[in-house]
S.K.: 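Structure in structure tokens, see below.
Labels below follow one simple rule: chain letters A, B, ... track the order of the sequence lines, proteins then strands, and each chain is numbered from 1. A quick note: this is a predicted structure, and the numbers were derived from the prediction, not measured.
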Amino acid sequence: MEAPWIAELRALLGPRGIIDDPTQLFPYEADGIVLLRRRPELVLLPRTTEQVSRALKILHRERVPVVARGAGTGLSGGATPVEGGVVVSLARMRDVLELDAVDRTARVQAGLVNIDLSLASSKHQLFYAPDPSSQQACTLGGNIAENSGGPHCFRYGNTTQHVLGLVIVLEDGTVLDLSEPRVDPLGYDLVGLFVGSEGMFGIATELVLKLLPKPATTETMLAIFESLDAACDATSDLIRARHEPSAIEILDKLTIQAVEASVYAAGYPKTAEAVLLLDIEGSEVEVANTVAGIEPLVRARGAIEVRTAKTDLERKQLWAGRKGAFGAMGRIAPDLYVADVCVPRTKLRELVAHTTRIAREKNLKLATVFHAGDGNLHPNIAYDRRDADEVRRVLEAGDEIMHLCIEAGGSLSGEHGVGLEKMKAMEWLFTREDLATMCRVREAWDPDRRMNPGKLIPIRACLEMKQAVVRPGSNESTGDAEDAGNAENVRSITNAGSER
Amino acid sequence: MSSSLTRFAPELDARVVGRLRPHPRSAELPLVAPRTRDELVECLRAAHRDGLALVPCGRGSKLAWTQPPERADFVLSVRELSGFTAHEPDDGTISVLAGTTLADLRAKARVGGHWCTPDLPQPTRATIGGALALGRSGSDRTRYAPLRNHVLGMSVVLADGTVAKSGGKLVKNVTGYDLHRLYTGSHGTLAVIVEAALRLFPAPESEAWFEREFASFTDALAAARAVADLPVRWLALSLVRARGRWRACGRLAGKHAVVEHEVGLVRATLGEPTARDGAAAERADALRDAAPSTQTSFARIACRPSRVAEVVRMLDLEHTVADATIEPTIASLEFALAGDARALAAHRELLAKRGASLHLVAPDSDAVPFDAPGPELALMHRLKQRLDPQGVFARGRFVGGL
């Protein structure tokens, strides 16, 4: 017989708003980290903020842990469910509620797919700037949870710089309407604090986002190099020379070959050791001036050819290659470790050389594609999850890369978040006091720590899981040490073809 | 609220450098100014241990912008904690101690070929710690958006003396919660900001300053909107009211060729630039330093850009204010207060209905400076409770009694 609280949720959301059939729960067991699977008790698919609020009130009463989920494209295990918990999927909340072309804002539901906002804004000559490579699939709510980036965040900044207001449902069902776009916050900056909190503060159901006017001119450049080091050095030179393109991306040889053999073939030269892909946006004069400044710099670093896209189609192809790179790597090996680390832009060459050395020493196949202008590296290691020894070497390589980044003044993530994947590494970067302060702030939002428990903050740091909530009548913990250990064992293992 | 030095523990007494009012309507209190981060930690630990309450500040120039504290025992200044802990011109980042003046910060950035936001009035008297605590963006917000967007990381001392950091020194980083967004604009009610890492921007090669007088506010606003819609990256764009006249003022800055091109686009609406390069910067600085916010009593209204004209009409600002600066693209209206602040405060409800907020700085009036937040106030109090349960950072100064 169905538990009364489940029946209550079913009555609230209707038959299409709740999933409890084990065969249908399967897709919700993991996000982009597919080896880390946990079966939720239920998946809820609300349509409105009101339904989310009423559902969370019931789950609060029953003390059930909750994990919010957008499209499940995340690469840090941020949407990995909790055993016996409930997943709240925002997939059916995908309406554009208001598009204000005068004030250049959009009010949308959190489940709207990223690219759909730019498509909706396009007729007003506006666009939404953050453009994760998964923007054809990822949701804006997920972008908010992870403070997602994308190639063009070099110029426009990560998601947090584009969020003007939010409607947030707290763990007890309270609706916080912070949606009036304010010049400055009234009191503490709750919106700014919420962005990037990885689903641990509540569920954002409606978002007010900033739209930008489309640039008058866009030039896409492709500089071809005979060495990856030279491409890295050219990037550092561009930053040093104060050039301001919109995007600076690097793809290495293995990535180029994978892309060119795939449906994303962009016309990158297969024999090149690396390509530097740049977008330059602005007025015609501004673009011409920037291009004229960049070309001699990249040539001085040994670029053997510099191309510019002649047509809009050519430009789109060059970018389709970049954005499809992770999918294309499925050709190299069945599985892909997608690292996401950041370093100062003066250290690009050094860190790329280190990752190449580590992969060589561990006999691993490394493909590198990254947001070079932001110092955001994605060393990607192809592997086969059925080979236990290879899995071990991949994980060791990941740890070494993170350690080296920290030593170089870098950090653990530029856009994928910490989630389960990098939770252990938080102790390498932050002190116990730093992490305890994060815990204190988290408890102000979610005193019982039921929202996305067991993520981001290591257990030892602030006894995060010591008081794990147990649902009445159940022996299942909402995220105990065993769960966390499980997370550690499968950290960083993702399937090819998925990138935030 | 009075206090004598003898009440304090030796680690605090040794750091007393004078007396200062935590608010113009409060009595003078001992001014404690630690010289190092360790001394600051000692001061906080002593206050926490002895149940004292304090008001943090930089150089104290904006203490009147809040309400008087409910109870305070001393003022804690970070003015002695100044200088730079890191500067990476080739990476475009700088790490600065909170007591550093904005003038020193700008000068340091300029040496590395950079511009550092915020461009705020009286930079030799204002500290970066104070600007961050107030969450105050500068005249360059038109191009660079709010200051809070460019804080890469922060180190703070909490109420119990715990040193905690968030973020880092990287232009891109999503590791851990963005606690620096919480501290920025918290008016010193949650922590003392010790150090911040900031993103830098390319210093301009060339500048052009436009200043044109209009017969009415409506004409000036129409001109500003027209030039705001051009493919031009304004560094600053404002409508300025002085001596009974409205002017549209704009500042272009960037590479030579780009500024020349932009001047050509703007000329049709605002005429020829009235100053170039060094003279343009001087004129911009002079106007910035005469902003209404440098006066004892002023008001700031913020709304949606499309509602600027409506708010001006509603409050009859076109005719009633003597000095005003309106940034039309940001939708920020600042004006000097001539009459009773309570009369303006009475419009709060009407403004709120139009999504506009009002910040009143009127130290001689008992008008409440801030709008009351809604249901989010409970969450703000919970944040205060978690980070400063004892009220070491004096209560009552910020919104809703925080």
S.K.: Set out, in order, the CA-CA distance, both residues' side-chain angles and the distance that settles side-chain contact (heavy atoms from CB on, under 4.5 Å) for A/Tyr188 and B/Glu376, then state yes or no.
M.R.: CA-CA 9 Å; A/Tyr188 300 148; B/Glu376 67 267 34; over 6 Å; no
S.K.: Looking at B/Leu182, B/Asp178, B/Val163, which has the largest count of heavy-atom pairs under 4.5 Å with chain A?
M.R.: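 When all of B/Leu182, B/Asp178, B/Val163 are compared, B/Leu182 has the most.
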S.K.: Chain B: which of A/Ser283, A/Gly187, A/Cys342, A/Pro185 shares the most heavy-atom pairs with it under 4.5 Å?
M.R.: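 Result: the option with the highest number of such pairs is A/Gly187.
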S.K.: Side chain, backbone, both or neither: which part of A/Leu186 has an atom under 4.5 Å from a heavy atom of chain B?
M.R.: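 Both parts, heavy atoms under 4.5 Å.
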S.K.: For A/Met426, is it the side chain, the backbone, both, or neither that has a heavy atom closer than 4.5 Å to a heavy atom of chain B?
M.R.: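 Just the side chain, heavy atoms under 4.5 Å.
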S.K.: If you tally heavy-atom pairs under 4.5 Å against chain A, which of B/Ser332, B/Ala203, B/Gly92, B/Gly112 wins?
M.R.: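 Among the listed options, the one with the most contacts to chain A is B/Gly112.
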S.K.: Looking at B/Gly176, B/Pro146, B/Gly400, which makes the most heavy-atom pairs under 4.5 Å with chain A?
M.R.: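 Of the candidates given, the most pairs with chain A belong to B/Gly176.
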S.K.: Would you mind checking which part of A/Asn289 comes under 4.5 Å of any heavy atom in chain B, side chain (CB onward), backbone (N, CA, C, O), both or neither?
M.R.: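 Answer is side chain: those atoms of A/Asn289 sit under 4.5 Å from chain B.
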S.K.: Measure B/Tyr177 against the heavy atoms of chain A and call it side chain, backbone, both or neither at under 4.5 Å.
M.R.: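 Answer is both: backbone and side chain atoms of B/Tyr177 are under 4.5 Å from chain A.
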S.K.: Once rounded to the nearest 0.5 Å, what's the spacing between atom OG1 of A/Thr218 and atom CD1 of A/Ile280?
M.R.: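 So the OG1 of A/Thr218 and the CD1 of A/Ile280 are separated by 9.5 Å.
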S.K.: Is it the side chain or the backbone of B/Leu170 that comes within 4.5 Å of chain A heavy atoms, both, or neither?
M.R.: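 For B/Leu170, the side chain is the part near chain A, not the backbone.
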S.K.: Is A/Leu193 close to chain B through its backbone or its side chain, or both, or neither, when contacts mean heavy atoms under 4.5 Å?
M.R.: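 It is both, since atoms from each part get that close.
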S.K.: Chain A heavy atoms under 4.5 Å from B/Ile330: which part of the residue, side chain, backbone, both or neither?
M.R.: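 Both parts, heavy atoms under 4.5 Å.
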S.K.: If we ignore hydrogens and angles and just use 3.5 Å, is the side chain of B/Arg141 paired with the main-chain N or O of B/Leu147 as donor and acceptor?
M.R.: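 Here the side-chain-to-backbone pair does not exist.
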S.K.: With chain B as the partner, which of A/Gly196, A/Pro344, A/Ser236 has the greatest number of non-hydrogen pairs under 4.5 Å?
M.R.: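 The option with the most such pairs is A/Pro344.
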S.K.: Assess the side chains of B/His261 and B/Lys255: does a donor N or O sit below 3.5 Å from an acceptor N or O?
M.R.: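 No, because no side-chain N or O of B/His261 sits under 3.5 Å from a partner of the opposite role on B/Lys255.
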S.K.: Name the region of B/Arg136, side chain, backbone, both or neither, that has any atom closer than 4.5 Å to a heavy atom of chain A.
M.R.: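 When you check distances to chain A, no heavy atom of B/Arg136 falls under 4.5 Å.
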S.K.: Between B/Ser166 and B/His180, do the side chains contain an N or O donor and an N or O acceptor separated by less than 3.5 Å?
M.R.: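 Yes, side-chain donor-acceptor contact under 3.5 Å.
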S.K.: Does any backbone or side-chain atom of B/Leu158 lie under 4.5 Å from a heavy atom of chain A? Answer side chain, backbone, both or neither.
M.R.: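 For B/Leu158, the contact with chain A is made by the side chain alone.
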S.K.: Do we see a donor-acceptor contact under 3.5 Å between the side chains of B/Arg397 and B/Thr189?
M.R.: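 Their side chains do not contain a donor-acceptor pair, so the 3.5 Å distance test is not met.
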S.K.: Taking A/Arg155 first and then A/Glu244, would you say they form a salt bridge - that is, a charged N and a carboxylate O separated by under 4.0 Å?
M.R.: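 So A/Arg155 does not pair with A/Glu244 through a salt bridge.
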S.K.: Looking at A/Arg182, A/Glu180, A/Arg104, A/Glu433, which one has more heavy-atom pairs under 4.5 Å with chain B than the rest?
M.R.: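 Counting heavy-atom pairs under 4.5 Å, the top option is A/Glu180.
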S.K.: Regarding A/Ser411 and B/Asn173, is there a side-chain donor-to-acceptor distance under 3.5 Å anywhere?
M.R.: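 Per modelled atom types, A/Ser411 and B/Asn173 side chains form a pair under 3.5 Å.
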S.K.: With a 4.5 angstrom heavy-atom cut-off, which part of A/Leu429 approaches chain B: side chain, backbone, both or neither?
M.R.: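 Both backbone and side chain.
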S.K.: Sort A/Phe201 into side chain, backbone, both or neither according to what part of it lies under 4.5 angstrom from a heavy atom of chain B.
M.R.: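 Just its side chain gets close to chain B.
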S.K.: Contact part of B/Val399 toward chain A, heavy-atom cut-off under 4.5 Å: side chain, backbone, both or neither?
M.R.: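 Contact with chain A: side chain only.
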S.K.: Heavy atoms, side chains only, cut-off 4.5 Å: are A/Trp445 and A/Met200 in contact?
M.R.: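 Answer no - side chains too far apart.
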S.K.: Shorter than 4.5 Å, heavy atoms on both sides: which option in A/Ile239, A/Val102, A/Leu190 has the most such pairs with chain B?
M.R.: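 The option with the most such pairs is A/Leu190.
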S.K.: Quick check on the interface: out of B/Asp371, B/Val258, B/Thr175, B/Leu377, who has the most heavy-atom pairs with chain A under 4.5 Å?
M.R.: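 Greatest number of close heavy-atom pairs with chain A: B/Thr175.
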S.K.: Heavy-atom distance under 4.5 Å to chain B: side chain of A/Val441, backbone, both or neither?
M.R.: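 Both backbone and side chain of A/Val441 come within 4.5 Å of chain B.
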S.K.: Less than 3.5 Å apart, any donor N or O on the side chain of A/Thr105 or A/Asp103 sitting next to an acceptor on the other?
M.R.: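 No donor-acceptor contact under 3.5 Å links the two side chains.
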S.K.: Examine whether an atom of A/Asn158 lies under 4.5 Å from a heavy atom of chain B, and if so say whether it belongs to the side chain, the backbone or both; otherwise answer neither.
M.R.: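 Just its side chain gets close to chain B.
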S.K.: Just give me the residue among B/Glu88, B/His114, B/Lys169 that pairs up with chain A most often, heavy atom to heavy atom, under 4.5 Å.
M.R.: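 If we count pairs closer than 4.5 Å to chain A, B/His114 comes out on top.
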S.K.: Would you mind checking which part of A/Leu412 comes under 4.5 Å of any heavy atom in chain B, side chain (CB onward), backbone (N, CA, C, O), both or neither?
M.R.: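 Both backbone and side chain.
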S.K.: What part of A/Val343 gets closer than 4.5 Å to chain B, counting heavy atoms only: side chain, backbone, both or neither?
M.R.: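 It is the backbone, since no side chain atom gets that close.
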S.K.: Examine distances only and state if a side-chain atom of B/Arg307 and a backbone atom of B/Arg354 form a donor-acceptor pair shorter than 3.5 Å.
M.R.: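 Answer holds: yes.
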S.K.: With a 4.5 angstrom heavy-atom cut-off, which part of A/Asn376 approaches chain B: side chain, backbone, both or neither?
M.R.: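 Only the side chain of A/Asn376 comes within 4.5 Å of chain B.
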S.K.: Look at A/Asp184 together with B/Arg300 and state whether they make a salt bridge at an N to O cut-off of under 4.0 Å.
M.R.: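 Salt bridge present between A/Asp184 and B/Arg300.
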S.K.: Pick one of side chain, backbone, both or neither for A/Asp340, based on which atoms fall under 4.5 Å of a heavy atom in chain B.
M.R.: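 No part of it gets close to chain B.
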S.K.: Could you tell me whether A/Arg449 and A/Glu171 have a side-chain N and a carboxylate O separated by less than 4.0 Å?
M.R.: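 Between A/Glu171 and A/Arg449 there is no salt bridge, as every charged N stays at least 4.0 Å from the carboxylate O atoms.
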S.K.: Specify which of A/Lys347, A/Glu198, A/Glu284, A/Glu286 makes the most heavy-atom pairs with chain B at under 4.5 Å.
M.R.: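 Of the candidates given, the most pairs with chain B belong to A/Glu286.
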S.K.: Could you tell me which portion of B/Thr162 (side chain, backbone, both or neither) has an atom closer than 4.5 angstrom to a non-hydrogen atom of chain A?
M.R.: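 For B/Thr162, side-chain heavy atoms alone lie under 4.5 Å from chain A.
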S.K.: Do A/His371 and A/Glu249 have a side chain donor and acceptor closer than 3.5 Å?
M.R.: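 The answer is yes; a qualifying pair exists.
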S.K.: For the pair A/Asn147 (side chain) and A/Thr159 (backbone), establish whether a donor and an acceptor sit closer than 3.5 Å, ignoring hydrogens and angles.
M.R.: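 Yes; judged by distance alone, with no hydrogens or angles, the pair exists.
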S.K.: Under 4.5 Å from any heavy atom of chain A, what part of B/His150 do you find: side chain, backbone, both or neither?
M.R.: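 Contact with chain A: side chain only.
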S.K.: At what distance, to the nearest 0.5 angstrom, does OG1 of A/Thr431 lie from CG of A/Leu435?
M.R.: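 Result: 6.5 Å between the selected atoms.
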S.K.: Salt bridge or not between B/Asp229 and B/Arg225? Use side-chain N to carboxylate O under 4.0 Å.
M.R.: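 No.
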